[in-house]
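Below: the structure, in structure tokens.
Below, read A as the first sequence line, B as the second, and so on, with proteins coming before strands; counting in each chain starts at 1. Because only heavy atoms are used, hydrogens play no part in the values below, and waters and symmetry mates are left out as well, while side chains stay in.
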Amino acid sequence: MRHEAPILAFDTSAAHCAAALFRGDASLAQRQEAMTTGQAERLMPMLEEMLAGAGLGWRDLGAIGVGVGPGNFTGVRISVAAARGLALALGVPAIGVTRLEALAEGLARPVAVIEDARRGEVYLQVFDGGGAAPRLATLEAAAAGLSGLPLTGSAADAAAALTGGAVLAPAMPLAEAIARIAARRAGAPQPRPAPLYLRAADAAPPADPPPRLLDA
Amino acid sequence: MDQGLTVLGIESSCDDTAAAVVRAGDGERQILSSVVAGQTDLHAAFGGVVPELAARAHAEKLDLCVEAALDRAGLGLDRIDAVAVTAGPGLIGGVMAGVMCAKGIAAGAGLPLVGVNHLAGHALTPRLTDGLAFPYLMLLVSGGHCQFLRVEGAETFHRLGGTIDDAPGEAFDKTAKLLGLPQPGGPAVEAEAKAGDPARFAFPRPLLDRPGCDLSFSGLKTALVRARDALVAEKGGLTRADRADLCAGFQAAVTDVLAEKSRRALRDHGAGAKAFAVAGGVAANSTIRAALEGVAQAAGLRFVAPPLSLCTDNAAMIAWAGIERLRAGHHDGLDLAARPRWPLDTARPALIGSGRKGAKA
């Protein structure tokens, strides 16, 4: 039995198909293709190309790492659904890694990851060993609690303008970070990967209440 | 010699997450398992299916349904010959989750992948349940669709007509919502209608004055709103009798329209047809079903209505349609696209959604 089976990590939580194939600490292949649509069509063929390029097949994999967001709702579901299907068929674990964890990977702590969530809001998580949960907040509300902390993420510049914190570049590509985190978790039982939305679905109860029943 | 095919089907185009295993060979067809996880409670507060909520639920239920379906069939993926999945038309978030889950399973298990049109799944169900031979006429009538088809082959569908606006199932749901009845509206309205007087309200029978098999239900919905509002304005609410009469009148109007348009479809396009078949959730309504059966009888055609569990959305029909496609020599690659719009009959001009994005269904 081989000591370390390869791990394949992928992410479609934003305008890309990103993937990394690792065996232990060794990167066997990495890809990031930019696209605003078409991830559902491109993801699996891209992964097959990477495996084939490394002389591997699906059944050689020991684990799947998958980006679970937050990010584009549909994009997150594309990867999570594929990962769960692969895990079922291969009998290997699929391990969910959040975009916020991945962006903090390899950076010194403490660090705050702050990602643009549009609509004037940001996805925020502080990594300082305290186990703070990820959350959605307005940029201003998020910045209020971050004074002096180093920042990373797509809204880091905007937040730094309010907090004066230093802005850090990510330490590695997103898919590599997902692969490294997933590899660390692969030894212990993991829940099935589930999307991390942070933002509720747009759904409003009907505005028009039903009529009163006179003889109820 | 037919060596047989065992196919895993996956369906997630609306508010049911479903997986099934179907085996076919030597003239035998067997549903080894059929698992359907509904989402009624999830959407109950909103008076209709919320696409994003549906997609969220599908993404986390699909693999569980597949495992349950394999388990109940007593088979591992090593005993499956292909994975069939609904690739449209439908709510795209759910369809995409299903397609991606199917791709993962197909890639991981080294199985062929077959993309299936959800409507073809419904339209081919009478062949799964009753072994019906081609050609036959079909009324597909559900919450999202309403069309008459002449089914000539597993991939040859001629659309004879269809709704130009809402689907009848959608109108039943809306009626239930307007009258404070629970969702899904079909069973709730049918139950109320039993105690009602169908003649009290003179609801319109849209498009009966026009030739052909096209249908319309949005005007009927509006008429129901007007009748309800007139009662509320008069006495501040509805009595139980009012509600029952509104349901009975609405159901009678839908029944009359479907029956008359079916009669025309059979008269004008029934030559050589082996049967008149129905599918879709609305075909579960016993008043409507009885009327359609009467139309078939009058035309001297066999009437085929699959059991309710195979009339509403399910994955056995997707597995079966996949078997039909595989037998025709087709399968798809891992680049299979999920399609929100995918008409069965591409030769006919679009009835709805004829804009930039093309025909809906």
Side-chain angles (χ1 to χ4, degrees), chain A residues 8 10 12 37-49 51 57-59 61 64 66 68-69 73-92 94 191-195 197 199-216, chain B residues 10 12 43 45-48 50-56 58-60 62-64 66-67 70 77 83 92-94 96-111 176-181 225 228-229 231-232 235-243 333-338:
Chain A
L8 177 65
F10 48 88
T12 50
T37 61
Q39 287 97 328
E41 290 88 332
R42 181 63 188 136
L43 178 66
M44 296 296 289
M46 187 182 95
L47 298 178
E48 280 208 324
E49 288 163 20
L51 286 167
W58 292 105
R59 286 167 197 276
L61 295 174
I64 306 285
V66 61
V68 297
F73 295 166
T74 299
V76 168
R77 281 191 289 268
I78 286 171
S79 280
V80 168
R84 290 174 73 136
L86 281 168
L88 190 164
L90 294 171
V92 302
R192 296 182 196 232
Y197 295 107
R199 177 175 274 152
D202 277 328
D208 181 20
R212 194 160 60 88
L213 257 195
L214 298 173
D215 51 357
Chain B
I10 297 175
S12 57
H43 304 283
F46 304 101
V50 181
E52 174 63 19
L53 290 180
R56 288 184 177 196
H58 286 306
E60 296 186 43
L62 278 156
D63 56 338
L64 302 174
V66 169
E67 286 173 357
L70 290 169
L77 282 169
V83 181
I92 189 61
M96 214 178 260
V99 165
M100 293 312 295
C101 182
K103 286 181 183 179
I105 293 168
L111 294 173
K177 184 174 158 185
L178 287 165
L179 300 179
L181 296 167
V225 174
R228 178 200 73 162
D229 289 352
L231 289 168
V232 172
K235 47 190 173 185
L238 299 180
T239 65
R240 288 180 173 278
D242 291 337
R243 194 168 69 178
L334 287 178
D335 60 348
L336 173 69

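- Asp202(A) CG: 12 or fewer foreign heavy atoms inside a 6.0 Å radius.
- A distance-only check finds a donor-acceptor pair linking the side chain of Arg59(A) to the backbone of Ala109(B) [under 3.5 Å].
- Atom OG1 of Thr74(A) and atom CD1 of Ile92(B) lie 8.5 Å apart (nearest 0.5 Å).
- Side-chain N or O atoms of Arg84(A) include one that pairs as donor or acceptor with a backbone N or O of Glu60(B) at under 3.5 Å.
- Put simply, SG on Cys101(B) and CG on Leu86(A) are 9.0 Å apart, with the number rounded to the nearest 0.5 Å.
- The parts of Arg56(B) that come within reach of chain A are both its backbone and its side chain, each placing non-hydrogen atoms under 4.5 angstrom from that chain.
- Comparing Pro193(A), Gly85(A), Ala194(A), Gly38(A) by how many heavy-atom pairs each has under 4.5 Å with chain B, the most go to Gly85(A).
- When all heavy atoms of Glu52(B) and Ala201(A) are compared, the pair lying nearest together is CG-CB, 3.4 Å.
- Heavy-atom distances place the backbone of Ala200(A), and not its side chain, under 4.5 Å from chain B.
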How far apart are the C-alpha atoms of Lys103(B) and Leu43(A), what are their side-chain angles, what is the distance that settles it, and do they pass the side-chain contact (heavy atoms from CB on, under 4.5 Å) test? CA-CA 10 Å; Lys103(B) 286 181 183 179; Leu43(A) 178 66; over 6 Å; no
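- The two residues Gly93(B) and Arg77(A) come nearest to each other via the heavy atoms O-NE, 4.4 Å.
- Neither the backbone nor the side chain of Val99(B) comes within contact range of chain A; no heavy atom of the residue lies under 4.5 Å from a heavy atom of that chain.
- Between chain A and the options Ala102(B), Gly110(B), Gly333(B), Ala59(B), heavy-atom pairs under 4.5 Å are most frequent for Ala59(B).
- Contact detail for Ile105(B) and Ala89(A): the closest heavy-atom pair is O-CB, 3.5 Å.
- Here the CG-CG distance, from Leu214(A) to Asp242(B), works out to 7.5 Å after rounding to the nearest 0.5 Å.
- A pairwise comparison of heavy atoms in Asp63(B) and Leu88(A) identifies O-CD1, 3.5 Å as the closest pair.
- For the atom pair Arg240(B) CZ and Leu213(A) CG, the distance stands at 5.5 Å (nearest 0.5 Å).
- Across all non-hydrogen atoms, the minimal contact from Ala97(B) to Ala81(A) is O-CB, 3.4 Å.
- Across Pro211(A) and Leu178(B), no two heavy atoms sit closer than the pair CD-O, 3.0 Å.
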